[in-house]
Each structure stands twice: as C-alpha cells, then as structure tokens.
Protein chains: 2
Amino acid sequence: MAAAAAGKRDDELTFVTDGLGADLDALLVFSILRTHSYLSPLCEAALRDRRITGAQFNALLLLRSAGKAGLKMGALGERLVVTKSNVTGLVDRLERQGLAERAGTSDRRATVVRLTKAGRVLMDRASPRHAAHLAELTACLSAGEKRTLIRLHSKLRRELRQLRRQKKGAA
Amino acid sequence: MAAAAAGKRDDELTFVTDGLGADLDALLVFSILRTHSYLSPLCEAALRDRRITGAQFNALLLLRSAGKAGLKMGALGERLVVTKSNVTGLVDRLERQGLAERAGTSDRRATVVRLTKAGRVLMDRASPRHAAHLAELTACLSAGEKRTLIRLHSKLRRELRQLRRQKKGAA
DNA sequence: CGTAAATAGTTTATATATGGACTATCGACA
DNA sequence: TGTCGATAGTCCATATATAAACTATTTACG
C-alpha cells in the first residue's frame, strides 16, 4: 500500500494525497515538493546572519566559480533554472548590496555579472559554514541512502529537462 | 566520486556544487532543490488551462477533502507547510475567483475556508487530468525506484520537521 | 473576576518567480 | 547592403512566500 511506504499516518503529506487517491506517482511528486518546502527555509535560516537569501547565495556561488570573467545574465538564469526576468531582479539586489556588479561586453546586447571584492569576502566566510549546516540537515541519512537519492533525482531530472525542452520548443 | 553519482558532467547541478566542493551533503541538498525547480513549473503547466496555480490546486485539494466542514486558515497553512500570512493571500485569491469562501466560527478569532460549488466542479474536472500528468512526469522511474524515493524523502522529512520545530520553539 | 499569555488572522514590506510585451543589437541571407 | 528573425536583457502585472508588527479574541490562573 502506498500510504505505508510514505511512513506513518501523522505525515501530513497523506492529507494532501488523500485528495488524489494516493497513487504512487502523485505520492512521489508531492513527496519531492513537500521535502523542498521543509528543506528550503531551513537552508536559508543559516544565511540570515549574512543578510542574504538562498537564491542570492546560489547565485553568488556560481559567480564565484566563474571568477573575474563573470557570467552572462542568461547563463546565470540557465544554471539557476530560473527565467531571465527573475535574474534581472536578483542581480539588481546583489548589486544594491555591493556583492556583484554588471559589466558590458563586446556583444552590446549582453551583460556579464561578476562578484565584487565584498561578494568574494562574504562567500569565503559564508560557504564553509553553509556546507556544514547542510550536513547537519541530512545527518539522518546514511552515505548509501544519500547516494541513492542523488542518483534517482539525477535520473528524474534528466527526464524532466527533456520534457521542459519539448514544451519550450512547442511554444 | 560524488560527481559520478550525480550523472554526467552536462548536469548543470555540477556547476553549482563545484562552488561548494561537491561533497555528498551539498550535492544531495542541491539535488533535491534543483529537482524541485524542474518539477514544480512542469506540474503547474497542466493547470494553466484551468486558470489556477499549483499552490491554489494544492489548497483546493485539501479543501475538497475537508468537505463542507472546511478547514481553518491555520490548519490549511500547516498542511501546505506555509505561513499564515501566505494563507491569507492564497485564500483571498481563491475567494476572488469564486472557488472558495470564508465563514466565521463559534471561536470568533477563527475562520474556516470551504470550497464553493464552482470550486468543487473545477476540482472534479481538473484532478484526474492532473494525476495523469504527474504520472507522465515520473514515467522514467520504476515502481521500485519511486517507492525508494518516497521512503527516503519521508525519512528525511521526518527529521527536518523535528529541526523546524526546534527552531520555532527557540524563537 | 480580571488580567496576562496564548492563539487566529490580517497587514505591511520585501524577495522570489513567472509570462508576456518591449527595446536594442546581432547575424544570416537575398 | 538592407531587412528580417533570433537573441539578450529589461519592464510590467501578478502569484507565492517570508518575517514582523498589529488587532481581536480566548484561555489560564491568581
């Protein structure tokens, strides 16, 4: 029975999936979305001291990897899996906080975003602590369970990326 | 190597986790958050014909289960894992669309929310189609893999719920 | 009984996110 | 070379989400 696989009855997920007949697929999708609901705010909590959000942290992480060459707005959006209009606002706020900066390119349509010195300093301080915090959040799972989750998520994501591209092509 | 467990190098997740040293825990957390980034908009796409969003659909699902007794605002928020201030706006929009309605209770602080007839009709039409859509999205996984994912997510969520309660109690 | 603490919901300010319309620029090719 | 379509980014309207401050009740207990 699907409900048994999901754990005890006190898992509030069953409240939601009750309404969909609690079949395996609905249960899986809701399970993933619901885990995100718990995980995402808990990840952000540790960043609050630094006055940045989870979305900002992820953007800064990518910008740090990109080094002084920076990343084009579009590339940033692609890697964060968000729309370009979202990137505009996100970078606006990072710029306002002095953590990142825009710069023009030879292609005058394009803009690159780079970490500022302040941004680099913040990330060098925040990211080890953040990594430690993520380890705490997932401490209840064994290394094997983590690897299994990573593998299955990767498999699912590969498929979802395909479906997403199909939709985009059709539109 | 952790990167191998996550799949090929073309998985853009590696871009992000590069910045954190790609240890197992960071990879797992980002994996879950990133899967959500793909899954959530794909779930919503099928609801767009009905002029409702994913959040609204989930709320309506819970309200349908609750029947004519309805759900208190707070209970709705708890089951959706969102804050009470979010529920206010969500129910405002459902009410404006004529899909749900507020009603007073004997406890004059509390408000219950109920589906309207229009809301019930919409859900009865939309939810079988939605369930079929969710099945399509997860078709690449075997039943065993789905059960494994559901079980591990449930285990992780149980722990995260504990951590969340601790934080709340401390504040 | 009467007040202090807890509870239920709203309001406000802000961040995240989308889709669609718009502007500017680049590239292809007739 | 001129123009037409694709590309890069911004702007607008709207939905989702939070935290913090606020109002109105209810409950606990002294």
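FYI, side chains are in, hydrogens and waters are out, and symmetry mates aren't considered; it's all heavy atoms of this structure. Sequence lines set the chain letters: A, B, ... in the order given, protein chains first and strands last, and positions in each chain run from 1.
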On DNA chain D, reading 5' to 3', which nucleotide is the first and which the last to sit with an atom under 4.0 Å from a heavy atom of chain A, could you check? D:dA6 to D:dA19
Which atoms form the tightest heavy-atom contact between A:Leu137 and B:Leu160, and what is the distance? O-CD2, 3.7 Å
Note: for B:Arg109 and B:Asn86 on DNA chain C, the residue whose nearest nucleotide lies more 5' is B:Arg109
Any chance you could lay out the side chain to side chain contact (heavy atoms under 4.5 Å, CB included) test for B:Val87 and B:Val113, step after step, and finish with the verdict? CA-CA 10 Å; B:Val87 177; B:Val113 195; 5.8 Å; no
If every non-hydrogen atom of A:Ala100 is compared with every non-hydrogen atom of A:Leu63, which pair is closest and at what distance? CB-CD1, 4.1 Å
For the CD atom of B:Glu78 and the CG atom of B:Leu62, what is their distance to the nearest 0.5 Å? 11.5 Å
Residues that B:Gln162 engages under side chain to side chain donor-acceptor pair (under 3.5 Å), provided they are two or more places apart: B:Arg165
Within residues 110-118 of chain B, those residues having any heavy atom closer than 4.0 Å to DNA chain C are B:Ala110, B:Thr111
Do you know which two heavy atoms are closest between A:His133 and A:Leu42, and how far apart they sit? NE2-O, 2.9 Å
Using the salt bridge (Lys or Arg N to Asp or Glu O under 4.0 Å) criterion, which residues pair with A:Glu95? Sequence neighbours excluded. A:Arg102
Per the under-4.0 Å heavy-atom filter, residues of residues 39-56 of chain B near DNA chain D come out as B:Thr53, B:Ala55, B:Gln56
List in chain and number order the residues that pass side chain to side chain donor-acceptor pair (under 3.5 Å) with A:Thr83, two or more places apart in sequence or in another chain; answer none if no residue qualifies. A:Ser85
Using the ring of each side chain (for Trp, its six-membered ring), is B:His130 parallel, tilted or perpendicular to B:Phe57, with breaks at 30° and 60°? tilted
Please give me the minimum heavy-atom distance between B:Ser37 and A:Arg164, naming the atom from each residue. O-NH2, 4.3 Å
How many angstroms lie between atom CG of A:Leu28 and atom CG of A:Leu24, to the nearest 0.5 angstrom? 7.0 Å
Holding to side chain to side chain donor-acceptor pair (under 3.5 Å), I want the full list of residues that pass it with B:Arg109, two or more places apart in sequence or in another chain. B:Asp107
Counterpart residues, side chain to side chain donor-acceptor pair (under 3.5 Å), relative to B:Lys146 (two or more places apart): A:Asp25
In numerical order, the residues of residues 90-107 of chain B whose heavy atoms come under 4.0 Å of DNA chain C are B:Arg102
Under 4.0 Å from any heavy atom of chain A: name the first and the last nucleotide of DNA chain C that qualifies, 5' to 3'. C:dA15 to C:dC26
Tell me which pairs pass side chain to side chain donor-acceptor pair (under 3.5 Å) where either residue lies in residues 39-55 of chain B, with sequence neighbours left out. none
Residue closer to the 5' end of DNA chain D, A:Lys72 versus A:Ser37 (nearest nucleotide): A:Lys72
Qualifying side chain to side chain donor-acceptor pair (under 3.5 Å) pairs, either residue in residues 110-121 of chain A, two or more places apart: none
